[in-house]
Amino acid sequence: MSNVNFEPKILVFSTNMISDPGIDLAGMSHIDYPPSTRILRLPCSSMVRPEFIIYAFESGFDAVFIAADGGDCPYLSDCSERTARNVQRAVDMMKEKGIDQSRLRMAGICSVCSDAFANGVKNLYDIVKGLGPVNGSKNA
Amino acid sequence: MVDDVKALGAINIDACFNCGTCTAVCPLSSGSSSFPRRMITYAQIGVKEKILESPDLWLCNYCGECTKSCPRQADPAETMMALRRYATIEYSPPGVSFISKMIYKSKAFALSFLIIFSIIPLILMLSLHGSINSTSIMLFSFFPEHYIDIIGVTLGIIIFGIMLFGLAKMYFMTRKGVTKSNTGPVRILKWIVEFFQTIFKEVLAQERLDQCEMKGWRQRLSSEWFIHMTIFWGFTGLLVTTVLGFLLPTAISVPLANGIYIPITEPIRLLGTLSGLFLIYGASMAIINRVNKSRVYSSYSYFTDWALLIFLLLAGLTGYLLEMAYYLNSPLITYALLTVHLTVVFDLFAVAPFTKFAHAFYRPLAIWLSRSHNYI
Amino acid sequence: MPEEEYDALVIGAGVAGMEAAIDLGDMGFKVMLVEKEPTIGGKMLLLSKVFPTLDCASCISGTKTSTVSHHQNIRLLTYSNVDEIEKSKSGFRARIIEKPRYVDASLCTSCGDCEDACPIIVPNEFDFGLRGRKAIYIPFDTAVPKSAVLDLDNCIYCMQCERTCPADAIDFLQVPKVHTVNVKAIILAVGFKLFQAEKKKDYRYGEYRNVVNSMQMERIVSPTRPYNAVVRPSDGKEPQNIGYVLCTGSRDKTVGNPRCSQVCCMYSMKQAQLIMGSLPAADITLYYMDIRAYGKGFEEFYRQSRDMGVKFVRGKVAKVEQKVNTDLTVYYEDTEGSGGMKKADHDLLVLSVGLLPNTDIVKAFNGIKVELDEVGWIKVRDEGKSSVLTSADGVFAAGCTTGPKDIPDSVLEAGAAASQCAAYIIKKMGSPIEQ
Amino acid sequence: MSNEKRIGVYVCHCGGNISDYVDVNKVVEEIKKEEPDAVIVKDLMFDCADASQSEMIDDIKKQKLDRVVVAACSPKLHETTFRNMAKRAGLNPFMLYHVDIREQASWAHENNRMGATLKALAHVRAGIAYVKSAEPLEKIKAETTRSVLIIGGGIAGLKAAIDLSAMDVNVVLIERSSKLGGHVAELGEIYPYYTAGSEIVKNLVDELSGRGNVAIFTNATVVSYSGYLGKFEVKVQRETSEITLQVGSIIVATGFDTYKPYTGEYGYEKVRGVITISELARVLSTAAGDGSAELIYDGRKVRQIAFIYCVGSRQKPPEDGGHANQYCSRYCCNAATSEALTVHRKFKDIKIYHFYRDMRTYGRNELMYESAGRSGSIFIRFDEDHPPLVAEEGNRCKITFWSSLIENQPVDMYVDLVVLITGMVPSHNEELNRALSLPVGVDGFYKEVHPKLRPVETNVTGILICGTSQAPRDVRETLSSASAAAAKAASFVLKRELELDPFVAFVDPGLCEAHQECIKECPYGAIELIEESGKKMAHVNSAKCKGCGACVAVCPTGAMQLKGYTNAEIKSMIGGLAR
């Protein structure tokens with residue numbers, strides 16, 4: 001059911017101080033990653049409500065990538081752990097809704113981690129490309 | 001122990017922080033030897049047996065690489081030198097070890113030691129000398145040869161005894177530090193082979209010294225190796241000359257006693273003349289280097305180092321002056337010079353087991369031990 | 001140009017200078033922050049991750065660079081030299097020369113088109129010569145301010161950049177701008193210089209290509225690395241067996257620096273851990289004399305490095321030789337092993353270079369004596385009182401100005417300098433609020 | 001509020017850097033088509049150019065724009081520029097949203113113009129969606145009390161007090177014991193400046209005395225605190241009375257305790273002649289010596305001394321996961337070499353054998369290490385697994401050691417005195433920790449928020465830490481950290497009014513069901529449960545809130561939100577991005 005013409009839409013949650021500069025750097029270095037990614041920046045990744053993630057899938061995104069702060073967060077040294085807990089709750093909610101959990105990915109992206117970001121998004125893109133659109137997977 | 005070693009010249013030993021640079025730059029270092037850092041550590045901690053149980057100390061020939069590269073300027077080369085002084089003292093027989101100790105530690109003692117050992121032969125010569133023929137040179141009637149022989153042999157025996165004691169002590173101590181893994185004839189054979197290797201390669205050709213500097217011939221002539229070679233060969237040559245003179249009275253003693261002129265081409269005299277040249281070249285070059293402090297090894301000089309070199313040079317020079325006076329046929333000057341010459345030589349031998357000179361016998365043994373034991 | 005008035009002049013916009021400026025600015029003082037390089041952030045911004053928490057240097061300094069560039073109480077001057085400082089009625093009068101960038105920073109959008117157009121390539125100082133840059137260049141990706149700068153010494157006036165720039169920002173007619181500022185106090189945060197490894201001749205830096213210094217290695221392992229991979233310079237091979245020579249240029253009288261540089265043990269271990277992250281199969285050996293993991297969390301970091309498999313050999317490397325395949329042989333004594341001289345082969349050798357003073361600024365002081373210590377660091381007047389006081393009244397020192405320091409200590413001392421400076425200003429002039 | 005929104009949208013070409021890959025015209029056309037509220041949709045060559053900014057200001061004023069979207073380069077470069085422009089135009093700066101279509105669109109997708117254009121379009125839509133639901137925000141202003149409470153009267157507390165008082169800040173310094181100066185007051189000469197500890201303390205106390213704005217209370221402890229940055233209220237127990245202090249900030253400088261060896265650790269309390277470095281320091285501080293004196297300790301003439309390092313520091317983590325002081329105590333190598341130098345200077349012919357693991361005489365202290373060596377100290381390295389043994393033999397202490405520098409062969413040595421170089425341990429302050437909810441790290445010392453970003457701050461904004469309560473330090477470093485804490489405190493209280501970022505959490509009272517998840521999640525203790533008109537609900541103290549949003553994510557009902565990033569704003573942006 002994978003479709004060659006299918007372009008998975010990925011929503012990226014980034015953070016003002018840490019991962020957004022990292023994503024900027026990917027652009028500055030002209031590192032290639034799928035243009036169907038959309039980026040939304042927040043203060044800290046621990047703010048991502050599971051509800052936002054579900055809402056993204058419901059709005060038509062096929063995957064969500066959380067570019068978390070890692071240990072560099074200016075707010076919280078344990079923000080990764082907090083984000084991971086929220087992500088786990090989102091995964092539970094996704095299960096209930098029948099959304100494949102591999103559509104959600106979280107990775108620590110620092111302000112110069114352009115490669116890590118591009119690779120992470122590409123990888124997610126490939127996986128989701130295989131899975132097909134999010135509403136399609138419900139039927140599968 | 002560290003204070004003893006400091007008093008023997010290792011003034012910067014305290015600065016060592018055991019980084020191992022000295023060992024790693026040492027041209028004689030191999031995978032297993034403990035140049036020189038571990039020696040220094042042992043000295044710092046005061047494990048004197050470990051130092052005396054190792055022949056390694058004597059393998060060092062003071063090329064100075066370690067001192068040049070020491071990050072704390074702890075002067076490891078000088079520490080090794082001081083440790084050899086320490087070992088010289090420790091290896092000496094109990095009754096006489098104080099002599100070397102005092103010679104090293106007190107200039108006054110060293111000086112009085114030399115004065116006493118100069119006065120003794122002078123008194124002997126002044127009281128025992130025979131007829132003074134002022135018209136022609138009758139060297140051995142001025143001072144009968146058998147006196148020289150008696151004094152020489154007596155001194156020789158004492159020196160030899162002390163030396164043997166030291167060598168034996170060193171041998172048994174270092175054997176303790178060695179773990180045996182091979183026995184039987186193979187080992188014995190190796191020992192013999194290494195004995196000759198030591199004699200020919202290390203003692204006669206002084207191969208080890210040559211490792212430190214390998215440059216053009218001009219430099220080689222002033223190299224440490226060449227200087228040491230000339231001193232060694234000069235000294236040995238003169239020793240052989242003396243012994244031959246003793247063994248073959250007809251060549252030297254008889255003519256000298258009877259005022260018969262010995263031609264320069266006479267083999268034994270030729271040997272002596274050449275050896276003397278070697279000795280003078282070597283000793284004066286060494287002294288010049290020390291004065292200029294041109295090399296690491298010559299940047300610090302101990303009183304006894306100076307004394308040894310000066311005596312070597314004096315021995316050579318007085319010998320030549322003697323020859324010259326002999327050639328110019330001025331009997332009185334010749335007799336006086338003979339007196340001085342014999343005194344100098346007497347001194348040289350008398351202090352031999354207690355000073356740097358001691359390396360002449362400890363070093364070959366150490367080399368042989370390390371060569372043969374490397375095999376075991 | 002009219003004279004400008006500030007409460008404090010902070011010289012050097014590295015991590016210490018930025019921190020001191022922010023602290024003073026937050027208290028309400030007007031601060032001028034001067035940096036001689038075209039960008040701020042100092043050496044820290046060029047580092048990869050920093051010990052002992054392995055946080056990303058760029059993330060941390062990024063927070064500070066953006067604060068100083070937008071702070072309402074901080075005026076930032078980059079690419080500027082403090083030329084002369086003399087006493088004045090209010091405290092000090094400083095003459096600052098802002099060098100021409102030949103690029104109007106307010107117009108430059110840092111698009112990099114000029115770089116593409118420029119035909120000249122010279123070694124990039126921010127990558128410690130590992131790669132090239134153009135004669136007109138944006139110093140590095142994370143530079144602040146992000147504006148191109150033209151290096152006239154290497155320019156051939158081909159005008160390609162001027163033709164290409166979409167914003168018409170190139171201005172060959174720029175001349176140095178002179179600022180005269182009156183300040184009440186001065187904080188020196190001039191940082192350090194790296195020990196020039198070529199001075200330790202036995203290590204053959206500059207001669208053997210695979211002998212690099214730790215700052216080059218820092219760039220190689222950082223995410224913005226020059227080759228975009230951890231490779232060695234001679235042939236681009238991925239190194240599998242890396243040696244670190246600690247105390248290069250420190251604790252070594254043969255190069256004239258008997259002191260310890262404080263940070264080399266830690267940054268070497270940190271680099272080792274980072275390399276293990278990108279090259280899991282690589283062997284890493286640190287040749288050390290004493291591991292000086294003395295700060296908060298440092299010892300734990302050291303133990304972690306050992307547990308990760310970093311090899312620690314106690315012995316100072318004495319000399320280095322190159323093999324035919326450009327691998328290197330080091331000679332050392334394993335002082336904790338069986339003794340004797342040992343040899344080991346490495347395909348890349350990193351010299352953990354020490355830190356040396358960078359205190360040329362004292363020459364700018366006219367009629368004011370700012371004393372140096374015997375190695376050349378700024379001398380502390382009275383350590384029993386505070387380690388940020390220099391011999392001159394009203395002149396304070398922060399960070400590595402007075403000696404090597406790690407980042408946490410530099411930041412703390414910057415705070416201390418701000419505190420002493422604020423107290424000094426208030427004592428002299430009254431508090432900034434009441435003014 | 002009228003429903004009609006007047007939005008201005010400005011899409012930047014960036015001189016081709018955007019327009020070469022993003023079809024800017026298409027973006028403009030699409031937005032014009034689909035967004036009726038967008039009164040102005042323009043493309044500009046350079047949004048950031050002065051002329052463009054003037055144009056925007058004109059538009060805002062003439063067209064009465066109440067929201068603006070700027071689509072250009074990264075907000076890190078120009079967000080402040082455009083927000084300042086908005087301010088100049090009389091528009092609330094937070095009604096402007098800056099979206100990135102260069103670094104994250106045109107440059108990232110140069111090989112896919114269609115993709116880049118669609119992405120840029122989506123980002124602009126998100127910006128529009130954001131400003132549509134945006135509300136004006138103002139910086140939060142909080143009054144502060146210009147006084148600081150310092151807890152601990154050691155050198156750190158004294159130094160912080162001196163600095164703050166010099167900065168015209170009122171200081172209350174409390175000390176739980178009866179005298180000031182802490183450990184340092186008991187020390188003799190202190191490296192590297194060879195002044196007696198008591199002298200250093202005396203200088204600090206002298207500097208402090210006679211200052212009108214400092215109050216010092218000894219025998220005083222903290223009972224409890226309430227309030228927040230700028231307005232703390234602290235109850236302090238003084239001997240018999242309890243007083244309440246109003247302060248803007250609190251500095252904790254409670255110092256350290258010395259490690260006490262357990263009985264039998266290197267012969268401690270078992271073998272005669274085994275003492276700690278503090279005991280030696282006390283002996284030395286009273287001993288007069290001019291270099292020829294003899295040291296007599298416990299009736300024994302001392303000729304040889306052994307120093308054993310890392311006692312109570314750098315301990316191996318136990319297999320069973322129990323407690324160990326794994327950290328390095330930092331000051332001890334330096335202090336020990338310094339004490340050794342004092343011994344050598346005062347007494348004649350004393351040899352000191354230093355059994356060390358790594359000599360950590362960092363920086364300039366390396367010179368002290370060398371001069372100790374040159375004055376009669378001998379340094380013997382040992383390995384973690386082979387510590388020296390101390391036993392009593394005859395009238396002396398016998399030390400059996402294995403030095404890793406000589407292949408760990410056992411060596412016996414006899415000394416007259418064994419000095420254990422003991423490290424620092426966190427001081428016992430359980431009550432204070434509870435009262436101020438101070439964070440303690442795994443090593444037992446107070447934990448800062450971030451060692452490089454915020455090295456003297458704790459999770460409670462306004463409560464600061466410094467000195468050896470935070471980590472082992474020497475005198476000089478302690479003084480520096482105390483000054484740094486003073487600087488931070490001054491930046492809190494020096495201005496009568498604090499300006500804080502407006503991005504703080506708030507509660508939608510209608511939605512809050514008092515689940516209290518947010519209270520548990522908040523790392524800054526900024527949320528409390530209140531009762532309003534009979535309903536229990538969460539309340540955010542904006543002075544304590546740092547704006548991370550962690551509470552937002554855990555709120556089951558969506559009542560907890562962050563200003564500037566409300567749930568509605570985020571969701572509308574997601575919707576905009578998804579189209």
On a heavy-atom basis, the closest approach of C:Glu333 and B:Ala24 is N-CB, 3.9 Å
Taking every heavy atom of B:Asn18 against every heavy atom of C:Arg314, the minimum-distance pair comes out as O-NH1, 2.5 Å
Turns out that what part of B:Cys70 lies under 4.5 Å from chain C's heavy atoms comes down to backbone
For residues 250-258 of chain C against chain B, heavy atoms under 4.5 Å, the residues are C:Arg251, C:Asp252, C:Lys253, C:Thr254
Among residues 319-332 of chain C, those lying within the under-4.5 Å heavy-atom range of chain B are C:Lys319, C:Tyr331, C:Tyr332
In terms of heavy-atom pairs under 4.5 Å with chain C, the winner among B:Thr21, B:Val25, B:Thr41 is B:Thr21
Q. In this structure, are over 12 heavy atoms from other groups packed under 6.0 Å from C:Lys379 atom NZ?
A. no
